[in-house]
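Every chain is numbered from 1 and lettered A, B, ... according to where its sequence line falls, protein lines coming before strand lines.
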Amino acid sequence: MSAPAAVLPARGWTRRFRANPTSWLGVALIAAVVLAALLASTIWPLDPLEQNVAERLMAPTAAHPLGTDTFGRDVLARLLHAARISLLIGAFSIALAMTIGSAIGIAAGYLGGWFDAAVTSLLDVLLSFPTLLLGLMVVAMLGPSMGNLVIAIAITELAPFARVARAPTITLKGRDFVEAGRALGFSDLRLVVVHIIPNLLSEVVVVASLWLATAIRTEASLSFIGLGVKPPTATWGGMIREGFENILDAPWLALAPSLAILVTVLGLNLLGDGLRDAIDPRARRD
Amino acid sequence: MTEPLLEVRDLTVEFRSGGAWHPAVRNVDLSIAPRETLAVVGESGSGKSVTALAVMGLVPAPAGRIAAGSSIRLSGRELVGLGERELDRVRGDRVAMIFQEPMTALNPTMTVGEQVAESVRAHRGLGAQAARREALRVLDLVKVPSAARRMDDYPHQFSGGMRQRVMIAMALACHPAVLLADEPTTALDVTIQAQVLSLVEDLKREHGLGVLFITHNLGVVALIADRVAVMYAGEVVETAPAAELFETPRHPYTEALLASMPRVDRDVGALEPIQGNVPSIREIGPGCAFAPRCAHAQARCRESRPRLEPEGAARSVRCWLRTASP
Amino acid sequence: MSAKPILSVEGLGKRFEVGGGLLRRPAQVHAVVDASFEVAERACLGLVGESGCGKSTLARCLLRLVEPDEGRIVFEGEDVRSLDGPALRRLRRRMQMVFQDPYASLNPRRTVRQTLAEPLVVHGLATGEAVDARVEAALAEVGLPPDSAPRFPHEFSGGQRQRIGIARALVLEPRFIVADEPVSALDVSVQAQVLKLLEALRERHGLSMLFVSHDLGVVRHVCDRVAVMYLGRVVEEAPVPDIFDRPLHPYTRMLRAASPVPDARARFSLPRVEGEIPSAMDPPGGCAFHPRCPSALARCAKERPALADLRGGHRVACFLHSPEAAP
Amino acid sequence: MGEFLLRRLALAVPTLLLAMTAVFLLARVVPGDPALVILGDQATQEALLALRVKLGLDRPLPAQYLDFLGGILRGDLGRSLITGKSVWAEVLAVIPYTLELTLAAIFLGVLFGVPLGVYAAVHRNALPDTLTRLFSLAGLSFPAFVSAVLLLLVFAIQLRWFPVISAPRAGDVLDHLRNLALPAANLGLIMTAYVTRVTRSSMLNVLGEDYVRTARAKGIGRRAVLWRHALRNALIPVATVVGLYLGTLIGNSVLTEIVFNRPGLGKLILGALNQRDYTLLQGLMVFFAGLIVLANAATDIAYGLIDPRVRYR
């Protein structure tokens with residue numbers, strides 16, 4: 001009397017997601033950040049690059065609600081525009097890492113044998129390697145630019161995606177419905193594309209939302225170290241770095257971008273967590 | 001008749017699903033005498049496992065609960081309503097349980113000896129050495145070969161049949177009055193099943209146990225049961241001494257079940273399947289739960305629920321067709 | 001043997017390597033050793049044995065879902081092991097499989113229509129409306145309502161899912177069905193429905209079948225002949241009445257005696273079963289059954305009896321019954 | 001057990017080779033000329049050529065690869081371009097600081113994280129669980145340098161409880177601890193958040209296992225079941241995941257060291273980056289790769305100690 005074996009995409013996950021208040025908090029935070037990034041110039045029409053030496057390091061006022069930095073630039077405007085950069089770099093690098101990483105993971109899981117063994121041990125190394133150092137190394141080699149930053153962050157996140165895609169591929173490959181497909185004369189390509197990928201997509205997407213948070217963190221860290229997008233373009237990490245240099249005189253400079261990162265990353269984590277709790281069959285055990 | 005060891009009266013267990021409570025077990029009455037094996041037979045969703053968990057006080061809260069008015073008496077003592085601490089003193093001591101999957105039911109990171117000794121230590125307050133000696137004695141009792149050497153092994157080093165023996169050893173370590181066995185042989189091969197069944201039978205006879213044996217296999221029932229309770233959709237639909245049940249099944253469900261079973265001992269000709277599917281606990285109507293699949297169902301069967309009525313001295317049946325006719 | 005066989009298997013063998021790693025030699029498991037049998041046209045051969053005896057592996061070898069290591073498989077005059085690419089695909093049109101677990105054998109993200117239509121499209125057997133027509137016909141044949149087509153597997157009960165699995169195997173109009181424990185995951189009351197369905201379909205389409213099961217009762221009901229496997233080898237093969245009422249091999253007898261019967265007179269007629277099933281990684285020498293055999297002879301520990309033909313198509317690998325049958 | 005240990009260590013060898021190869025490839029095959037990166041756009045052709053010869057970049061790739069591996073086999077990680085000291089010397093000079101910091105973080109993380117995770121799992125979906133989850137998620141959402149900056153702002157600059165620059169005087173234990181406190185708290189907080197999370201989900205899985213029910217059926221009290229049966233099994237995945245987290249931990253300690261201006265591997269790396277000390281950077285990568293592979297092996301061995309199934313496989 002076997003209980004219905006939990007099939008990967010659990011039914012009714014949208015209902016469970018909606019029933020979880022913390023997922024809603026995540027949605028709200030992310031929506032706020034995305035809107036702020038999209039409507040940056042509308043919300044606060046000051047130029048983030050305009051310098052005004054006379055007004056440098058000013059504490060928050062009505063004209064500059066978050067104060068000004070060492071060059072007298074408006075911090076709020078910079079904060080809003082930096083959101084675009086962070087989200088763009090995060091999104092692009094995740095898209096890249098997800099596509100390539102999942103492809104590697106699916107191939108390794110499906111083909112098995114020595115190929116899988118080689119890929120797995122490579123992934124283990126890559127996975128345990130300090131993300132930040134890896135990114136650092138890549139950017140140091142390639143030179144800092146937005147494209148290179150995207151590549152560097154994507155490289156640091158290939159392994160998690162490959163790993164996440166590989167495990168269910170192996171499970172699914174052993175499932176009777178894939179075996180039935182082979183017995184029905186379906187090609188490997190068809191089995192992978194029609195029968196395996198749709199069943200693991202939800203898991204990959206969940207991981208994507210969690211790793212998007214990490215990507216944004218990595219980007220900020222690299223900018224903080226000075227390997228991010230080149231100044232004067234505003235980034236959160238870069239702003240914290242500048243604020244940090246003046247931390248004794250103008251502590252608010254570091255505070256605002258710190259909170260921005262926190263809100264974004266927390267929002268993404270809440271969202272991803274909510275998604276995973278809703279989808280992951282293990283989390284559903286009551 | 002001797003005083004029953006275990007007496008279950010009007011047991012109803014409910015589970016929460018989609019915001020409402022649904023009964024998985026409804027008004028179940030059972031009793032077990034010393035040296036008696038009561039087989040509870042039913043298909044998936046019949047509520048047989050939940051009944052056993054309720055006796056153990058292990059209905060998972062807060063998703064499930066035992067409804068008010070239910071009574072479970074063990075050697076005359078009421079178990080429903082006891083606190084966790086009091087239940088802990090009864091569980092594993094006066095009443096013990098073995099489960100279907102001997103693989104997952106044993107802790108993988110504790111040696112077999114430790115796991116058996118653990119119950120003795122908990123209930124008898126023995127020291128480590130004494131508990132270990134006791135564990136060895138019980139492992140020998142359930143015929144684990146070279147138990148003295150093997151008691152320091154881990155469960156994954158045992159075969160399925162041996163693991164089930166270990167489970168039985170754990171259950172019997174404190175000489176319980178009642179043993180609940182929840183499909184203990186379903187995961188085993190038939191030859192190993194035969195060994196485990198004989199072991200349970202021997203232990204029952206030697207120690208005067210009362211055994212509640214849950215299974216879905218009528219063949220197993222025939223081998224081990226003194227009396228049988230047939231469950232369907234959370235209810236007991238028929239109880240009878242084993243010999244009489246197979247000879248003259250009274251409930252249409254029992255009858256249909258026997259007619260739909262292919263047999264190893266003779267050619268049965270055409271099988272007569274029961275139409276439809278086992279209902280889920282959420283879709284049971286006001287009438288007899290079996291009515292939608294019953295070949296003899298009448299209007300009344302769909303409208304109101306029959307009671308479990310005694311038939312003769314030792315039998316009872318829950319069916320309008322039986323109770324209505326003289 | 002009766003008529004001309006649709007399938008004949010000779011000396012089939014399959015080894016798996018398990019464990020192993022960098023500093024460890026993998027252990028070899030002989031999942032199937034030297035299996036030979038035939039299935040006659042329109043007949044049903046049962047394959048029984050306990051877990052780990054290799055019956056499922058053997059079944060999968062026939063369709064080359066598992067690649068056999070040695071032996072010959074001839075299906076409708078064609079050497080199955082030499083087929084590749086399109087020829088293998090054509091084979092799988094004529095030989096189909098029904099799986100054990102009705103929950104795992106259907107893709108949860110595909111509707112019943114998609115599941116049934118896919119094989120037709122892949123094999124180019126139908127296009128456009130013809131596909132729908134054949135899907136509907138297949139549903140009707142397995143006793144499911146036409147409105148099942150747009151629904152997903154999780155909306156069905158176990159028995160209904162198994163019907164969908166059977167329909168999927170049937171849309172290609174195969175000649176041979178390999179059924180791997182098709183009813184053992186089902187409730188008793190539903191099991192008979194599916195068995196009856198298989199029976200009817202065999203009749204209607206003149207199918208031949210290999211029926212793998214651990215349940216002797218089911219096998220007795222469904223099959224014409226039965227092969228009993230123990231630790232990778234066929235130890236006895238005979239027509240159903242012989243196997244069940246006059247079993248010769250001590251293992252078959254033990255299996256038969258241990259299989260419970262719903263009859264109260266059977267109470268405590270339990271056989272004294274000796275020992276456990278040995279690990280397939282390290283099978284006993286000689287006759288693999290000798291450590292558990294109540295009537296083992298001295299030679300059973302040293303020599304392995306070959307599968308010898310007795311009268312009436314009864315084959316058995318045991319020195320008690322064919323003393324001359326040394327390897 | 002001895003055999004298991006040997007086997008696991010032997011398994012580390014090919015992984016190590018793979019990791020080294022990855023470092024090598026990253027350093028050589030990545031587009032861009034290291035010499036150009038080091039010297040900048042204004043460098044003369046001669047200077048570039050000279051540097052390439054000095055770095056061995058003029059030789060064919062396979063030869064470079066063999067040289068590289070040969071060096072590692074001899075335990076030679078190369079020399080710094082700037083200071084001329086061996087990479088080992090540079091590493092050994094600062095590693096006590098980093099080691100101290102990392103160990104403190106792991107200690108704090110396990111000390112607080114495991115009980116918190118167990119607590120949350122037992123009170124699943126109740127308020128304390130939700131709060132614990134929010135806390136751990138927030139802890140994980142802070143990039144290490146953000147929390148470091150915030151800690152610095154509050155405790156060093158506003159409250160002045162701890163020094164702003166964390167450079168301890170030699171020999172003074174109290175001063176040493178005062179200097180360690182903030183950086184360790186920063187990493188420990190993140191680690192706690194992480195361990196809490198992993199412990200909670202692992203514990204939830206284990207609490208649903210059949211053997212937990214068996215233990216309850218034996219009449220073992222709830223508390224004993226929790227600690228004796230559930231926790232030990234729940235810690236198995238926790239150990240693995242904490243081992244895997246080492247990489248992130250090192251990254252975080254780099255950022256923390258920078259913010260607190262504390263000596264350690266982090267500042268060494270940053271210095272190498274800023275000065276374009278290409279050979280030091282490569283040597284450090286090799287060092288880290290080796291460290292990580294060994295740490296992974298150690299994790300697996302620890303795993304084997306807790307889980308008998310792994311040992312006997």
Could you tell me the separation between the CG atom of B:L30 and the OG1 atom of B:T239, rounded to the nearest 0.5 Å?
-> 8.5 Å
Considering only heavy atoms and a distance below 4.5 Å, find which of [options] pairs most often with chain C.
| options | value |
| --- | --- |
| B:V228, B:V268, B:V264, B:D267 | B:V264 |
| B:D265, B:L257, B:V278 | B:D265 |
| B:V190, B:L271, B:I274, B:L218 | B:L271 |
| B:A242, B:P145, B:A259, B:S159 | B:S159 |

For the interface with chain B, which of [options] has the highest count of heavy-atom pairs at distances below 4.5 Å?
| options | answer |
| --- | --- |
| C:V222, C:L216, C:V219, C:V194 | C:L216 |
| C:V218, C:V190, C:D263 | C:D263 |
| C:P260, C:G52, C:S279 | C:P260 |

Could you tell me whether the side chains of [X] and [Y] share a donor-acceptor contact shorter than 3.5 Å?
| X | Y | value |
| --- | --- | --- |
| C:E50 | B:T191 | yes |
| C:Q191 | B:S260 | no |
| B:T104 | B:E101 | no |
| C:Y230 | C:R292 | yes |
| B:R293 | C:S189 | yes |

Structural part of C:Q193 lying under 4.5 Å from a heavy atom of chain B = both
Side chain from CB out, backbone as N, CA, C, O: work out which of these in C:S157 comes under 4.5 Å of a heavy atom of chain B, or both, or neither.
-> side chain
Give, as side chain, backbone, both or neither, the part of B:V220 having an atom under 4.5 angstrom from any heavy atom of chain C.
-> both
Heavy-atom distance under 4.5 Å to chain C: side chain of B:L258, backbone, both or neither?
-> side chain
Given the options C:E236, C:E237, C:R246, C:H314 meets side chain to side chain donor-acceptor pair (under 3.5 Å) only with C:E236
Flag the pair B:L141 / B:L203 as yes when at least one side-chain heavy-atom distance between them is below 4.5 Å, and no otherwise.
-> yes
